[in-house]
Amino acid sequence: MKVLAAGILSLLLVLHWKHGAGSPLPITPDNATCTTRHPCPSNLMTQIRNQLLQLNSSASALFIAYYTAQGEPFPSNVDKLCGPNVTDFPTFHADGTEKDKLVDLYRIIAYLGASLGNITRDQKALNPKDQNLHSKLSSTADTMRGLLSNVLCRLCNKYHVSHVDVSYGPDTSGKDVFQKKKLGCQLLGKYKQVIAELVQAF
Amino acid sequence: MALFAALQTTFLLVLLPLGTYQRKVLSEPRPLTPESLEVSINSTCQCLHLQWSIHSLPHHQELQMIFQIQISRITTSSVVWVGNYSTTVKENQILQWSWESELPLECATHFVRIRSVMDDARFPKPRSWSKWSSWEEVDAQDSLGHNALFVFPKDKLVEEGSSVTFCYVSRSNLNNVSCYLDGEQIHGEQLTPNVSTFHLSHVRYKRTTGTNIYCEMKQGRKLAGTVLYVSKVLEEPKNFSCETQDLKTLKCTWDPGSDTALTIQPSSNYTLFESFSQKKKVCEDRNWCSWQVTQDSQEMYNFTLMTENYLRKRSVNLVFKLTHRVRPMTPLNFILENINSRNATVTWKVRPIGNSTFQCQVELHHDGQVIQQNNVFIKVNGKYLLSEMEPDTHYLARVRCAYGNHFWKWSEWIDQKFTTLEAAPSVAPDVWRNVRSLPGGYDVTLFWKPLSKSHANGEILFYNIAVESLDKSSKFNLSIPAPHNDTKLTLNKYSYQIHVTANNSMGTSPASVIVIPGEPGHKEIEEERVKGTENRFSLSWEPQSRDAIGYVVEWCDHPQDPLCGLQWQKLGPNTTSTVISSDAFEQGVRYNFRIYEISPGWIASLLEKKTGYSQELPPSDNPQVTTSSLTSHSFTLNWKDYSTESQPGFIRGYNVYLKSKMEQCTSGFERITPSDDSAGCRHKIDNPEQKTFHVENLEPASSYEFFVTAYTSAGDGPNGTFTKVTTPDEYTRMLTHIVVPVILCILLITVLFYFQIQWMKEKCYPDIPDPYKSSVLSLIKSKENTHLTIMNLKDCIPDAIEVVNKPEGSRTQPLGTGKPLTETELTKPATYLYLLPTQENPSGSGPCICFENFTYNQAASDLGSSGHVPVPPSTPPSQLGLLYSPENLLKALEKYYTNSLGEIPAGETHLNYVSQLASPMPGDKDSLPTDPPVQAQCSEYKMQMAVPLGPASSPPSEDTSLSSTAILDQGEHYC
């Protein structure tokens with residue numbers, strides 16, 4: 001358990017490379033200074049949109065690869081086992097300002113990134129030979145990492161926001177195998193649904 | 001007193017320990033009831049964990065106690081397990097014990113109670129049980145949460161072949177829940193109103209990722225599941241063995257068996273434990289492990305190989321002395337030296353192990369077989385001479401060594417391939433010849449067989465042919481490069497001695513000698529048949545001369561090919577039989593063998609000829625049979641063209657099959673057993689040269705079917721179609737034989753009679769009597785006047801021609817004086833052409849069919865006139881037109897009447913017709929003609945008269961006119 005928790009912590013640190021990452025952060029006051037470790041590109045919003053499109057285009061395939069790898073009853077009971085019933089999933093306000101939407105996006109991607117890390121870890125243990133699933137999970141996590149970085153750049157550069165409160169999904173390390181499979185499936189179902197909404201919003 | 005005191009003291013001394021004993025044994029304490037019983041659940045192992053304590057242990061001692069534990073399920077009354085647990089109990093010790101439940105503990109409430117009894121020898125028996133503790137209830141369902149459906153146990157890991165029980169806990173009606181294993185529904189039994197269990201027996205391993213077991217509620221979209229992992233059974237390591245190559249490191253190996261790894265269970269690990277040194281090493285691999293030998297001269301080792309997974313532990317033990325497990329390293333520096341055609345030397349080295357010697361094994365291989373094996377003992381350097389090898393031969397030499405002090409195992413082999421050097425061929429080539437006589441000489445084809453590898457001693461480069469004349473001193477040599485194995489020589493009619501040698505890089509073989517005599521004998525030798533078996537022929541022969549130096553059997557492997565594939569076998573002088581075998585022999589092929597005797601002068605003379613089949617086959621084709629001499633009772637069958645030599649077996653004869661509707665076979669035939677409807681009668685001909693057969697004793701007007709097939713020892717030829725023959729009717733034949741001659745006779749007689757009637761008619765009652773032929777004239781001549789003659793018309797000169805026109809209606813009237821027209825036609829059905837144009841008919845166009853005026857004709861013929869030409873009746877009408885032109889006419893005349901023309905006097909060839917005129921009144925028969933005469937339309941005929949041209953155009957004399965008139969009166973004819 002300690003090892004797993006440390007793994008998640010490391011993942012979160014990677015996702016939030018800024019100082020103080022890993023804990024819920026308040027939104028930085030407007031007058032606070034904001035710096036990033038790397039220079040941010042100029043076409044940030046375009047890159048954010050493209051990354052969202054890329055995630056959206058691969059979400060369905062990832063979802064299918066996941067529930068197929070879990071074996072019956074997952075492929076034939078997707079609605080029962082993989083419904084997007086994820087508690088505490090960050091909300092997204094599509095009618096908000098760009099800053100609000102970027103903050104929401106940041107929270108969602110952070111949540112999804114952490115959950116994807118759990119899923120990747122679980123599936124490497126449960127289906128170690130399914131390279132197709134592993135590559136899709138890895139590719140999605142990479143894109144999410146880049147998206148998160150760009151969103152943070154945008155928030156920092158334009159809106160001077162360097163700290164955003166984020167929340168994470170449940171840790172699956174203590175769950176039984178069937179529950180791990182089910183939670184992962186639900187998360188990916190939710191991801192598939194929400195990424196489509198995000199694409200529409202941006 | 002003193003004695004009493006002493007006795008008292010002694011008694012007290014005796015009683016004191018006894019009292020102590022009595023205090024120890026007899027003072028049995030009250031039974032001790034276990035207290036503070038706590039029961040908890042370990043879901044991972046599905047165990048109930050109990051802990052309790054015993055208070056108030058007597059005398060604060062350690063006591064051996066037995067605890068009896070009772071476990072109930074659902075209710076306290078339904079006890080599912082009772083067992084004893086024996087242990088030593090100390091004062092205030094917390095005792096622990098676990099019980100693994102087959103049923104998942106979450107599936108039902110469990111109750112536990114415990115009691116104890118002292119099991120210590122210090123307390124007398126019988127010992128009584130304490131009171132039961134109070135029931136301790138354990139209910140895992142209390143902590144399940146609020147889900148509607150649960151499946152237990154979670155992530156169950158079992159061994160293959162074991163049994164496992166699952167259950168589901170539902171918050172609603174159980175009837176709505178269905179459970180599945182790997183997609184297939186499983187059925188369980190209800191345990192409580194909201195719990196059902198499923199028992200799976202002898203589960204099988206399927207995959208490392210486990211199998212989902214899930215239950216779903218048909219209402220409410222609820223689905224819960226768990227994963228069952230079935231592990232293969234961890235096997236005990238097999239073939240556990242340890243050995244060293246240098247007395248420094250031990251290598252232990254074993255066969256681990258099946259891998260029990262699952263996604264929730266890693267592969268079983270292996271650990272080596274040495275008991276003498278108490279050292280342990282976790283092995284990195286599943287099937288081997290190295291062990292560093294200590295430098296403290298430890299000789300004995302006692303290894304325990306242990307392995308375990310989540311479900312089982314296994315171990316094996318091995319005790320050995322280190323020096324008894326030495327397997328040297330592979331020898332090195334293995335070198336072959338001084339290789340020649342027969343010998344070679346091998347050298348090698350071994351890595352020394354102390355001062356020990358090594359036993360080494362040297363092997364020589366050829367074609368994958370060990371041909372030499374020798375053991376040598378060495379210290380470090382080894383050397384061995386390999387001998388008795390064949391020249392130009394590939395070999396493999398190898399060596400391995402073992403520890404000399406104590407043999408354990410051979411080292412790995414080290415090997416090297418090499419080839420011995422060549423040597424001169426050791427034997428003469430096997431030579432044979434084929435001699436074909438030519439005018440003035442011979443064509444001699446020499447054949448030789450390639451030397452075997454063991455005789456060639458290297459690569460044969462060429463063959464040397466030395467030809468020496470025995471009759472005159474001439475000699476020449478030929479060199480035939482290998483791999484040719486024949487050559488052709490054209491020699492004069494002398495005796496020649498031929499030497500053939502094979503040559504390689506190292507020298508020449510002994511010579512093979514063969515002599516071609518100048519005058520070969522022409523001995524007629526009868527061919528003898530031999531019978532082969534499968535692919536061999538047994539041949540034997542009678543020696544002719546006692547000084548023969550050998551025999552040669554010659555044959556062709558492929559006698560049907562032009563090249564024939566000449567083969568021969570040379571045999572010693574004392575051999576009079578041999579077996580010729582060849583894989584090329586085929587069934588159904590005739591092979592001819594010639595046996596030659598070799599004289600001391602190496603001259604081969606033909607001794608015997610044999611022929612035969614390795615296996616005879618039925619004839620490949622049937623004779624083509626023709627029938628002849630068909631009568632009502634017989635016919636003859638012929639198959640002269642059938643070749644008996646080209647068949648796949650010796651033709652032994654022929655079978656003639658005959659089928660008819662009669663039940664009985666004709667004589668000479670036998671009824672064959674009917675195998676089908678085609679069965680009939682058979683006649684067997686035993687002589688293959690008899691190629692005709694007369695079938696007789698047949699019924700007239702009957703149908704017969706025959707079929708002729710040749711047969712060999714293997715049977716009849718192929719099935720063929722029967723040929724149908726129908727014998728003629730006897731009466732028809734008789735009629736043919738009798739009626740036809742009769743009809744011919746009648747016809748002959750009729751013809752004769754016809755000519756006889758003509759003759760008689762002419763003789764006796766001609767239509768126009770010929771005065772010259774009249775017998776009256778001869779009578780008159782003979783009796784009255786010899787000068788009386790008949791007037792010759794030629795002598796008369798006509799002076800007038802009277803043309804008499806008769807009315808058309810009177811044409812039928814004159815018939816009374818002559819014959820009716822039809823009768824005339826029947827009597828002499830001649831047709832005449834309108835041959836020559838008249839002046840009135842200058843055009844002369846159109847053929848005209850005329851009736852002969854017999855009167856004129858007779859007269860004209862008598863006069864030798866040919867003014868009109870009779871056309872034979874056979875002349876087709878188409879020729880008429882051709883005859884119409886003068887040229888054609890002349891040709892026709894020349895063709896048909898050359899003789900008659902020859903008889904015509906020269907002066908009378910200009911006769912012409914003056915009549916052939918007719919009145920054109922075809923439709924008015926009764927009216928007289930009033931118009932001038934026109935071209936005759938052949939509707940009627942006028943009187944005809946031959947009128948000489950030229951001088952004859954002068955008015956005829958009256959006599960002539962009279963005479964003519966007289967004639968006309970007698971011969972009125974119409975056309």
Side-chain angles (χ1 to χ4, degrees), chain A residues 1 3-4 63-88 118-134 136-137 170-190 193, chain B residues 43-46 104 106 140 143-157 166 168-169 176-186 206-230 259 261-267 310:
Chain A
M1 288 295 291
V3 174
L4 292 175
F63 184 48
I64 293 170
Y66 181 87
Y67 68 65
T68 303
Q70 311 314 309
E72 283 298 331
F74 288 88
S76 56
N77 293 275
V78 174
D79 54 338
K80 295 178 186 174
L81 292 167
C82 307
N85 306 320
V86 181
T87 56
D88 302 329
N118 288 338
I119 293 171
T120 304
R121 177 201 61 202
D122 291 342
Q123 290 303 310
K124 281 186 177 175
L126 300 178
N127 290 299
K129 295 179 180 175
D130 196 335
Q131 295 302 322
N132 176 46
L133 175 61
H134 297 160
K136 282 184 167 58
L137 287 169
D171 181 14
T172 58
S173 57
K175 307 284 185 185
D176 63 83
V177 172
F178 195 87
Q179 196 67 10
K180 285 177 182 173
K181 292 179 177 181
K182 184 178 177 182
L183 289 173
C185 203
Q186 285 175 334
L187 188 279
L188 292 178
K190 181 68 177 178
Q193 179 196 57
Chain B
S43 294
T44 304
C45 69
Q46 289 295 328
E106 296 88 346
S143 58
L144 290 183
H146 303 291
N147 287 351
L149 191 63
F150 302 89
V151 179
F152 296 106
K154 298 296 183 184
D155 306 340
K156 183 67 176 176
L157 172 64
F166 284 85
Y168 68 81
V169 180
N176 290 330
V177 179
S178 301
C179 294
Y180 301 87
L181 169 65
D182 232 9
E184 292 187 4
Q185 188 170 1
I186 51 178
K206 286 191 175 179
R207 58 185 78 89
T208 58
T209 55
T211 304
N212 293 331
I213 294 177
Y214 60 97
C215 300
E216 66 175 329
M217 268 184 195
K218 290 178 181 155
Q219 297 171 347
R221 295 166 53 87
K222 299 297 180 186
L223 194 149
T226 185
V227 181
L228 170 65
Y229 292 91
V230 180
D259 191 357
L262 299 171
T263 55
I264 63 163
Q265 174 180 263
S267 290
Y310 290 167

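Chain A is the first sequence line, chain B the second, and so forth, proteins listed ahead of strands; every chain is numbered from 1.
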- Message: Contact between B/F166 and B/L181 at the side-chain level, heavy atoms closer than 4.5 Å - yes or no?
- Response: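 No, every pair of side-chain atoms sits at 4.5 Å or beyond.
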Looking at [options], which has the largest count of heavy-atom pairs under 4.5 Å with chain A?
| options | value |
| --- | --- |
| B/I213, B/T263, B/V151 | B/T263 |
| B/T208, B/T226, B/D155 | B/D155 |
| B/L223, B/L262, B/V227, B/T209 | B/L223 |

- Item | Cation-aromatic face contact A/K180/A/F178, 6.0 Å, 45 degrees |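 Ring-cation test returns no.
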- Item | Contact origin within B/Y214 toward chain A - heavy atom pairs under 4.5 Å |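 Interface part for B/Y214: side chain.
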- A/Q179 versus chain B, the contacting section by heavy-atom distance below 4.5 Å: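 Contact with chain B involves no heavy atom of A/Q179 at all.
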- Note on the structure: Bottom line for A/L81: the part with an atom under 4.5 Å from chain B's heavy atoms is side chain
- For atom CG of A/D79, decide whether the heavy atoms of other residues, nucleotides or ligands shown that lie under 6.0 angstrom number more than 12. yes
- Query: Quick check: are there more than 12 heavy atoms from other residues, nucleotides or ligands sitting under 6.0 Å from CD of B/E184?
  - Reply: no
- Item | Parallel, tilted or perpendicular, as decided by the 30° and 60° cut-offs, for the rings of A/Y67 and A/F63 | perpendicular
